[in-house]
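Please read the structure below before turning to the comments.
Along the sequence shown, residues are numbered consecutively beginning with 1. Indexing begins at 1, ligand by ligand and atom by atom, following the structure's order. Treat the numbers as computed from the prediction; the structure is a model and nothing was measured.
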Amino acid sequence: MAKNHVIVLTNLKSKIQESKLPQHIAIIMDGNGRWAKKQNKLRVFGHENGAKSVKEVVEASAEIGIKHLTLYAFSTENWNRPKLEVQTLMKLLVSSLKKEMSHLHKNNIKLNTIGDIQSLPKKVYQELMDVIELTKNNTHMTLTVALSYGSRDELINSLKEIAIKVKNNIISPEKIDESVINQHLYTHNLPDVDLLIRTSGEQRISNFLLWQIAYAELYFTDVLWPDFKKQDLYVAINDYQQRERRFGKTSEQIKTTQK
Ligand code: FPP
């Protein structure tokens with residue numbers, strides 16, 4: 001790495017204010033296919049390099065002190081991709097988990113999943129369970145991987161569970177509030193998302209954490225996911241820290257409460 005580049009990187013990282021860190025960052029990792037195509041390679045090559053960016057971003061987040069990182073790795077809609085691509089993504093998941101489990105554990109990172117993980121191939125499911133079990137008491141950061149995840153599915157499941165509890169007189173309808181809904185989502189153990197990043201220039205949410213991003217700051221970058229490295233995360237966090245989060249209040253109200 002060139003010396004100047006190292007200086008820029010250090011500056012970007014050191015500009016991050018610890019007191020204003022997003023507690024929860026969620027990322028829509030997009031652009032693997034286009035990245036591969038640009039190099040006349042198969043889409044699979046893009047995913048393999050995307051896995052390298054996953055490693056970078058997990059490391060960078062843990063180094064800075066982010067408490068929750070959630071990655072959209074496979075959506076409910078992704079099952080409709082060509083069979084070979086789905087198989088490759090599943091293999092990549094298993095190999096990445098195998099390769100990284102001790103590294104995650106050593107760095108006190110807890111693995112968590114959201115989505116219909118029962119629908120994953122047995123091998124993937126088992127590997128996930130092993131890493132979840134190994135890392136369950138870790139406290140430095142929670143890494144949540146969204147797999148076979150769809151936010152509408154998640155909301156439907158949660159509403160069904162609540163409806164059953166109402167029917168069985170476990171919850172009364174008047175008691176249903178945000179916290180009851182939160183408790184029935186896959187993300188029941190996670191705080192709301194503060195910063196949502198999407199790579200590759202697309203500016204949409206694609207059925208990801210619709211409820212949980214109600215007050216998230218959205219950050220879109222043209223960088224394709226396999227090119228997204230530590231410095232790109234620092235840029236996103238620096239951008240986030242320049243914003244004023246008002247949660248529906250006025251700018252004046254926010255400034256008064258900060259005094
Ligand atoms: C989107 O790019 C990416 C995916 C659907 C898969 C994301 C998977 C990884 C980054 C690899 C492994 C993940 C882990 C957690 C180890 P795309 O294929 O939609 O790209 P395109 O829009 O350019 O076609």
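- Among the atoms of Y72, none of the N or O lies under 3.5 angstrom from an N or O of ligand 1.
- The R34 neighbourhood of ligand 1 comprises atoms 21 (P), 22 (O), 23 (O), with distances under 4.0 Å to a heavy atom of that residue.
- Scanning for side chain to side chain donor-acceptor pair (under 3.5 Å) contacts around R81 gives E85, with sequence neighbours left out.
- Between E161 and K165 there is no salt bridge, since no side-chain N of the basic residue sits under 4.0 Å from a carboxylate O of the acidic one.
- Follow the hydrophobic side-chain contacts under 4.5 Å out from V94 and you reach V86 in the same cluster.
- Among V54, I27, D30, V94, the residue whose heavy atom sits closest to atom 13 (C) of ligand 1 is V54.
- Scanning all protein heavy atoms for the shortest distance to atom 5 (C) of ligand 1 gives N78 OD1, 3.7 Å.
- Atom-to-atom distance recorded for I25:CD1 and M141:CE is 9.0 Å, nearest 0.5 angstrom.
- Note on E217 versus R243: salt bridge recorded, some NZ/NE/NH1/NH2 to OD/OE distance being below 4.0 Å.
- The distance from atom CG of L233 to atom CD1 of I197, rounded to the nearest 0.5 Å, is 5.0 Å.
- Each of the following atoms of ligand 1 lies closer than 4.0 Å to a heavy atom of A73: 6 (C), 7 (C), 8 (C).
- Annotation for ligand 1: atoms under 4.0 Å from non-hydrogen atoms of W225 are 10 (C).
- Of the options R81, K52, M29, the smallest heavy-atom separation from atom 17 (P) of ligand 1 is shown by R81.
- Taking a cut-off of under 4.0 Å to the non-hydrogen atoms of S96, the atoms of ligand 1 that pass are 16 (C).
- Taking distance alone, with nitrogen or oxygen atoms compared against 3.5 Å, A51 stays at or beyond that limit from ligand 1.
- Protein heavy atom nearest atom 9 (C) of ligand 1, with residue, atom name and distance: N32 ND2, 3.9 Å.
- Note that CG of L224 is 8.5 Å distant from CG of N32, once rounded to the nearest 0.5 Å.
- In summary, the atoms of ligand 1 found under 4.0 Å from a heavy atom of R43, numbered by their order in the structure, are 17 (P), 18 (O), 24 (O).
- Residue-ligand proximity, G33 to ligand 1, at heavy-atom distances under 4.0 Å covers atoms 17 (P), 18 (O), 20 (O), 21 (P), 23 (O), 24 (O).
- Taking a cutoff of 4.0 Å between a charged side-chain nitrogen and a carboxylate oxygen, R34 and E202 qualify as a salt bridge.
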